[in-house]
Amino acid sequence: MRKIVVLVVILFVSVTAQWADNCLEVAQKIWTLQNQIVNQSFQQLPVGAWAQYGNLKAVYLGEQLSPKTGMKLHVIEISGGPVGQIWYKLTPKDVTYQGKTLRFWTLEPMEAYVLMGKKVFYISKATIETFMQMRGSYWSTVLEEGTILSPPDCNHVPEITETLYTFPGNKRVKATVITSRENGGQLYCSPEVPFGMIQTVSSGGQVGLKLTDFGLEGGQAKISRKMALAAETMPFFPGGVVIKKRHKE
């Protein structure tokens, strides 16, 4: 499941980045960037848009009615390891500082579908949250409703710079580089690519997830609508943790 959500998790590291003396200026830059990414790199993507990260491939499958809840949600499928789909909605989060309120738009996953063998299993939001509570950790805005501090913590601030990022085949996009002043870790992102995330670099300089190619058409689902409709509720979370249901699905 971690592989299923990692693309979106990394994208929103910038949201929970801490702030400094120039809090409002930094907040406005990240607010503009995040909302552009959510709008252009998620909400307005054409069905079939895709992004390749090494062996992992993410495909946008458009807005669909949930087979379980009937809600209209956006769908991303990730393959290359376990195949899974994240079904999410857009959720606003307001940050107030120095009398000014900024509304951030975040992605809030409501459910997931995972292909294991020849079966598809359904994972509810409540199940995911229970698992995270048991672990005592969280996956940023991906499985929660947005860990955005209001007012922001102004003790630290990332450095924000702009660059031109070149891909194999000489594709170029304008990218924003967010660098931690604490450990030097970096996030490269851009609203010009599907899902917004280009590359992460650790504090030790190691390149993590890296976008190698992308396109706006041609991506195909491996979990069909019919398979999602027939999905069984997963009795345990990947990793062997048994989940006791708190309510009926």
Side-chain angles (χ1 to χ4, degrees), residues 1-17 29-30 32-46 48-61 74-86 88 106-107 109 112 114 137-143 158-222 238:
M1 184 65 184
R2 183 177 293 274
K3 287 185 178 179
I4 295 173
V5 299
V6 70
L7 298 182
V8 189
V9 174
I10 290 175
L11 173 61
F12 289 101
V13 169
S14 61
V15 178
T16 56
K29 286 182 179 179
I30 294 181
T32 299
L33 175 64
Q34 164 135 344
N35 287 353
Q36 283 179 341
I37 286 175
V38 169
N39 182 43
Q40 298 177 41
S41 302
F42 288 89
Q43 191 173 11
Q44 293 188 25
L45 279 181
W50 56 273
Q52 188 79 41
Y53 298 86
N55 293 329
L56 293 178
K57 185 174 185 177
V59 177
Y60 180 64
L61 302 177
H74 296 266
V75 186
I76 297 174
E77 183 176 277
I78 299 175
S79 60
V83 177
Q85 292 180 353
I86 307 168
Y88 65 90
T106 68
L107 308 181
V114 182
S137 61
Y138 299 92
W139 280 333
S140 187
T141 62
V142 174
L143 301 179
E159 179 185 2
I160 301 176
T161 56
E162 306 296 327
T163 188
L164 273 178
Y165 193 95
T166 303
F167 296 89
N170 211 33
K171 287 183 184 176
R172 286 188 174 186
V173 299
K174 293 179 182 179
T176 298
V177 185
I178 301 173
T179 304
S180 168
R181 295 183 187 273
E182 295 180 279
N183 59 31
Q186 293 183 315
L187 168 70
Y188 289 68
C189 52
S190 172
E192 295 184 20
V193 301
F195 316 119
M197 206 283 288
I198 294 176
Q199 175 178 285
T200 60
V201 181
S202 72
S203 57
Q206 294 180 321
V207 176
L209 209 61
K210 182 176 181 178
L211 182 64
T212 53
D213 200 5
F214 63 92
L216 296 178
E217 60 183 6
Q220 300 291 324
K222 296 182 182 297

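This one's a predicted model, so the numbers in the text were calculated from it and none came from an experiment. Atom set for the values below is all heavy atoms of this structure, side chains included, hydrogens, waters and symmetry mates excluded.
- Gln220 is linked by a side-chain contact (heavy atoms from CB on, under 4.5 Å) to nothing, counting only residues two or more places apart in sequence or in another chain.
- Among residues two or more places apart in sequence or in another chain, the salt bridge (Lys or Arg N to Asp or Glu O under 4.0 Å) test is passed with Lys29 by Glu25.
- Shown here are the side chain to side chain donor-acceptor pair (under 3.5 Å) partners of Gln36, two or more places apart in sequence or in another chain: there are none.
- In this structure Tyr188 satisfies the ring pair (Phe, Tyr, Trp, His ring centres under 6.0 Å) test together with Tyr165, sequence neighbours excluded.
- For the pair Pro194/Leu216, a side-chain contact is recorded, criterion being any heavy-atom separation below 4.5 Å from C-beta on.
- With sequence neighbours left out, the side-chain contact (heavy atoms from CB on, under 4.5 Å) criterion links Asn170 to Thr166, Arg172.
- Annotation: salt bridge (charged side-chain N to carboxylate O under 4.0 Å, His left out) contacts involving residues 211-220, sequence neighbours excluded, comprise Lys171-Asp213.
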**Message:** Apply side chain to side chain contact (heavy atoms under 4.5 Å, CB included) to residues Leu107 and Ile86 and explain how you reach the verdict.
**Reply:** CA-CA 10 Å; Leu107 308 181; Ile86 307 168; over 6 Å; no
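- Between the CD1 atom in Ile198 and the OG1 atom in Thr212 there is a gap of 12.0 Å [rounded to 0.5 Å].
- For the atom pair CE (Met197) and CD1 (Ile37), the distance works out to 10.5 Å, reported to the nearest 0.5 Å.
- For Ser41, there are no side chain to side chain donor-acceptor pair (under 3.5 Å) partners at least two apart in sequence or on another chain.
- Here Glu192 contributes atom CD and Phe214 contributes atom CZ; the two are 8.0 Å apart, rounded to the nearest 0.5 Å.
- A heavy-atom distance below 4.5 Å is found between the side chains of Phe195 and Tyr60.
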**Message:** What verdict does the side chain to side chain contact (heavy atoms under 4.5 Å, CB included) test give for Glu159 and Val177, after you've listed the backbone C-alpha separation in whole Å, the side-chain angles of each residue and the deciding distance to 0.1 Å?
**Reply:** CA-CA 8 Å; Glu159 179 185 2; Val177 185; over 6 Å; no
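- In this structure Val59 satisfies the side-chain contact (heavy atoms from CB on, under 4.5 Å) test together with Trp50, Lys57, Leu61, sequence neighbours excluded.
- When every heavy atom of Ile160 is checked against every heavy atom of Glu162, the shortest pair comes out as CG2-OE2, 4.3 Å.
- Taking the side chain to side chain donor-acceptor pair (under 3.5 Å) definition, one finds that Lys174 meets it with nothing, sequence neighbours left out.
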Cut-off 3.5 Å, no hydrogens considered: what does the side-chain donor-acceptor table look like for residues 76-83, sequence neighbours left out?
{"from": "Glu77", "atom 1": "OE1", "to": "Gln85", "atom 2": "NE2", "distance (Å)": "2.9"}
{"from": "Glu77", "atom 1": "OE1", "to": "Lys222", "atom 2": "N", "distance (Å)": "3.2"}
{"from": "Glu77", "atom 1": "OE1", "to": "Ile223", "atom 2": "N", "distance (Å)": "2.9"}
{"from": "Glu77", "atom 1": "OE2", "to": "Lys222", "atom 2": "N", "distance (Å)": "2.6"}

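- Atom OG1 of Thr106 is separated from atom CZ of Phe42 by 11.0 Å, given to the nearest 0.5 angstrom.
- The distance from atom CG of Leu211 to atom OG1 of Thr200, rounded to the nearest 0.5 Å, is 11.5 Å.
- Applying the side-chain contact (heavy atoms from CB on, under 4.5 Å) rule to Gln206 yields the partners Ser202; only residues at least two apart in sequence or on another chain are considered.
- For Asn183, the side chain to side chain donor-acceptor pair (under 3.5 Å) partners at least two apart in sequence or on another chain are Ser180.
- Taking 4.5 Å as the limit, some side-chain heavy atom of Ile178 sits within range of a side-chain heavy atom of Leu33.
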